[in-house]
Chemist: 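Let me give you the structure first, and then I'll get to my questions.
Here, residue 1 is the first one in the sequence, and each next residue gets the next number. Atom set for the values below is all heavy atoms of this structure, side chains included, hydrogens, waters and symmetry mates excluded.
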Amino acid sequence: MRILVTGAAGFIGSNFVRKLLADAYTGWEGAQVTALDKLTYAGNRDNLPASHDRLVFVRGDVCDRELMRELVPGHDAVVHFAAESHVDRSLEGAGEFFRTNVLGTQTLLDAVLEGGVERVVHVSTDEVYGSIEEGSWSEEWPLAPNSPYAASKAGSDLVARSYWRTHGVDLSITRCSNNYGPYQHPEKVIPLFVTNLLEGRGVPLYGDGRNVREWLHVDDHCRGIHLVLNQGEAGEIYNIGGGNEYTNSRLTEKLLELTGAGTEMIQRVPDRKAHDLRYSIDESKIRERLGYAPQIDFEEGLAATVTWYRDNPDWWKAVKHGTGRAA
Ligand code: NAD
């Protein structure tokens, strides 16, 4: 078996590859893994084993048509993580978001089609639904993305769906909530706050801190993707959630507690433009149809994540302060 993972040096893609190489996923034991990544500022080669007899790392761009045509054929499946992923950056400049997320997905799927790849999972986000004050989104919810990041992901979702509907590509889409865990870039809120606190610095809390996010451990997310890869139906969308809704204020308090810091470390900063108030996923479809259940309790997972950052300063200092091989 051969599997191509795009965005494989990023936070979630690298977790998925490490688990594949550890034979954690039924049906993919012993699989040859091609890890494709452009190594943007967000990609880090050190997130993957330096060498492994079942791993081939390719530095390349999903928008590179010739490379995709050369690389994709011969794989049994593609799991597509590669994306520009940080909302704040998309507010400053959205061009790369639409190029990689929309055109990159289309370029990759053209190569999938030409190369006759049998199975594809497109990794999307709950942010395509917008913001919800009450209740939770099912997969039927209309798309109403608010940030350029979310709009580019919604665009890529629709490109992916069209390759199933028009060309019959055996493709499923996953939409997950906010991930946390080891190896997440310190621009994202949990590693940013944890590493700032470990350095004795303050934490910038947006607005009034009332924004609610649903937290999902990266291991649970990748378990869900594996279920969808093996058992998901073509053309179907599967929400993957963690079931843990926390306001940013409450999350910050937890992180202060776990790092032994006081509330004086909180620095209120002006709110993000068009900041979505609340995300909440209805994940009953993947639970009922594919038997998914998150396994990691949020408070335990968060404590373990803080410990990981405490124990791995070389990793995050290199990424955060530009002294490593992050790009
Ligand atoms: P990340 O930013 O850590 O990783 C993205 C990876 O893609 C990086 O390694 C980067 O180098 C690579 N990449 C970027 N542009 C590329 C290109 N043109 N060609 C090839 N590689 C390229 O992001 P992540 O948090 O691991 O997210 C992975 C996927 O999951 C993304 O599609 C994201 O939208 C989605 N997602 C993430 C979250 C989350 O909480 N992190 C939540 C929902 C959905």
Side-chain angles (χ1 to χ4, degrees), residues 3-14 16-17 34-40 42-43 58-73 75-87 89-90 93-129 139 143 145 147-176 179 221-222 224-225 228-229 232-240:
I3 184 165
L4 171 65
V5 180
T6 73
F11 165 48
I12 308 173
S14 69
F16 193 75
V17 170
T34 305
L36 171 74
D37 202 291
K38 188 179 172 185
L39 295 183
T40 67
V58 177
R59 183 172 191 175
D61 188 334
V62 287
C63 301
D64 181 340
R65 177 170 298 276
E66 289 316 307
L67 175 66
M68 290 306 102
R69 278 188 167 152
E70 206 180 290
L71 191 67
V72 169
H75 289 92
D76 299 289
V78 173
V79 181
H80 180 36
F81 292 96
E84 286 292 333
S85 70
H86 191 40
V87 174
R89 285 178 185 259
S90 80
E96 267 315 287
F97 285 75
F98 288 93
R99 195 188 78 90
T100 285
N101 300 1
V102 182
L103 295 177
T105 299
Q106 173 247 318
T107 306
L108 173 72
L109 291 179
D110 275 344
V112 160
L113 193 58
E114 286 174 27
V117 175
E118 283 177 16
R119 181 80 182 122
V120 179
V121 176
H122 173 74
V123 179
S124 186
T125 167
D126 61 355
E127 296 194 33
V128 299
Y129 298 121
E139 291 82 354
L143 302 187
S147 69
Y149 161 67
S152 69
K153 290 296 291 186
S156 68
D157 265 39
L158 297 178
V159 169
R161 183 181 182 281
S162 77
Y163 274 68
W164 159 71
R165 185 74 177 95
T166 303
H167 299 298
V169 173
D170 183 343
L171 174 151
S172 306
I173 296 170
T174 59
R175 293 184 183 146
C176 69
N179 283 219
H221 180 201
C222 287
I225 290 171
V228 172
L229 173 66
E233 282 182 42
E236 290 291 324
I237 297 163
Y238 299 89
N239 286 344
I240 308 178

Chemist: For Ser85, give me all partners under side chain to side chain donor-acceptor pair (under 3.5 Å), at least two apart in sequence or on another chain.
Modeler: Lys188
Chemist: Walk me through whether Leu109 and Val78 qualify under side-chain contact (heavy atoms from CB on, under 4.5 Å).
Modeler: CA-CA 10 Å; Leu109 291 179; Val78 173; over 6 Å; no
Chemist: Would you say Ile3 and Leu229 make side-chain contact, with heavy atoms under 4.5 Å?
Modeler: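 Heavy-atom side-chain distance check passes, below 4.5 Å.
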Chemist: Only counting residues at least two apart or in another chain, list the ones meeting side-chain contact (heavy atoms from CB on, under 4.5 Å) with Arg69.
Modeler: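 Listed in chain order: Arg65, Glu66, Glu114.
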Chemist: Carefully, step by step, assess Ile12 and Val123 under the rule side-chain contact (heavy atoms from CB on, under 4.5 Å).
Modeler: CA-CA 10 Å; Ile12 308 173; Val123 179; 5.7 Å; no
Chemist: Should Val121 and Leu171 be marked as a side-chain contact (heavy atoms from CB on, under 4.5 Å) after you check the CA-CA gap, both sets of side-chain angles, and the distance that decides it?
Modeler: CA-CA 6 Å; Val121 176; Leu171 174 151; over 6 Å; no
Chemist: Rounded to the nearest 0.5 Å, how far apart are SG of Cys63 and NZ of Lys38?
Modeler: 6.5 Å
Chemist: How close do Ala151 and Pro145 get, heavy atom to heavy atom, and via which atoms?
Modeler: N-CB, 3.5 Å
Chemist: So if I apply the side chain to side chain contact (heavy atoms under 4.5 Å, CB included) rule between Thr34 and each of Val17, Val72, Val58, which one comes out positive?
Modeler: Val58
Chemist: Name all residues meeting the side chain to side chain donor-acceptor pair (under 3.5 Å) criterion together with Asp126; count only those two or more places apart in sequence or in a different chain, and write none if there are none.
Modeler: none
Chemist: Is there a donor-acceptor pair closer than 3.5 Å between any side-chain N or O of Asp76 and the backbone N or O of Glu118?
Modeler: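 No: the side chain of Asp76 does not pair with the backbone of Glu118.
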Chemist: I want to check something: taking the side chain as every heavy atom from C-beta on, are Glu84 and Thr40 in contact at a cut-off of under 4.5 Å?
Modeler: yes
Chemist: Does anything in residues 155-175 form a salt bridge (charged side-chain N to carboxylate O under 4.0 Å, His left out)? List the pairs, not counting sequence neighbours.
Modeler: Arg119-Asp170, Asp157-Arg175
Chemist: Would a 4.5 Å heavy-atom cut-off, applied to side chains only, mark Phe97 and Arg89 as touching?
Modeler: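 Yes, at least one pair of side-chain atoms sits under 4.5 Å.
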Chemist: Tell me every residue that passes ring pair (Phe, Tyr, Trp, His ring centres under 6.0 Å) with His167, counting only those two or more places apart in sequence or in another chain.
Modeler: Tyr163
Chemist: Can you list the residues that meet the ring pair (Phe, Tyr, Trp, His ring centres under 6.0 Å) rule with His80, with sequence neighbours excluded?
Modeler: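 With sequence neighbours excluded, His80 shows a ring pair (Phe, Tyr, Trp, His ring centres under 6.0 Å) to His122, given in chain and number order.
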Chemist: Using the rule given for side-chain contact (heavy atoms from CB on, under 4.5 Å), can you reason through Leu4 versus Val79, listing the C-alpha separation, both sets of side-chain angles and the distance that settles it, and then say yes or no?
Modeler: CA-CA 6 Å; Leu4 171 65; Val79 181; over 6 Å; no
Chemist: Return the set of residues passing side-chain contact (heavy atoms from CB on, under 4.5 Å) with Asp37 (not counting sequence neighbours), or none when no residue passes.
Modeler: Ala9, Leu39, Phe57
Chemist: Using a 3.5 Å distance criterion without hydrogens, assess whether the side chain of Thr6 forms a donor-acceptor pair with backbone atoms of Ala82.
Modeler: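 Checked: pair present.
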Chemist: Side chains of Phe81 and Ile225, heavy atoms from C-beta outward: is any pair under 4.5 Å?
Modeler: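 Contact flag for Phe81/Ile225 side chains = yes.
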Chemist: With sequence neighbours left out, write down each residue that passes ring pair (Phe, Tyr, Trp, His ring centres under 6.0 Å) with Tyr238, or none if nothing qualifies.
Modeler: none
Chemist: Are any non-hydrogen side-chain atoms of Ser172 and Trp164 less than 4.5 angstrom apart?
Modeler: no
Chemist: Find the distance between CG (Leu103) and CD (Glu96) and round it off to the nearest 0.5 Å.
Modeler: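 So the CG of Leu103 and the CD of Glu96 are separated by 10.5 Å.
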Chemist: Would you compute the distance between atom CG of Leu158 and atom CG of Leu143 and round it to the nearest 0.5 angstrom?
Modeler: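 Those atoms lie 5.5 Å apart.
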Chemist: Taking all atoms of both residues into account, what is the closest heavy-atom pair of Val102 and Ser152, and its distance?
Modeler: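 So the minimum-distance heavy-atom pair works out to CG2-O, 3.5 Å.
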Chemist: Do Met68 and Leu36 make a side-chain contact, defined as non-hydrogen atoms from C-beta onward lying under 4.5 Å apart?
Modeler: yes
Chemist: Does Phe11 reach the side chain of Asn179, with side-chain heavy atoms less than 4.5 Å apart?
Modeler: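 They are in contact (side-chain heavy atoms under 4.5 Å apart), so the answer is yes.
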Chemist: Which residues pass the side-chain contact (heavy atoms from CB on, under 4.5 Å) test with Thr125, sequence neighbours left out?
Modeler: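 Here the qualifying residues are Glu127, Val128, Tyr149, Lys153.
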Chemist: So which atom in Gly224 and which in Ile240 form the shortest heavy-atom distance, rounded to 0.1 Å?
Modeler: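 Heavy-atom minimum between the residues: C-CD1, 3.9 Å.
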Chemist: Can you list everything that forms a side chain to side chain donor-acceptor pair (under 3.5 Å) with Ser90? Sequence neighbours excluded, please.
Modeler: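 Not a single residue meets the side chain to side chain donor-acceptor pair (under 3.5 Å) criterion with Ser90.
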Chemist: List for me each residue that meets side chain to side chain donor-acceptor pair (under 3.5 Å) alongside Glu236, sequence neighbours excluded, and say none if there are none.
Modeler: Lys285
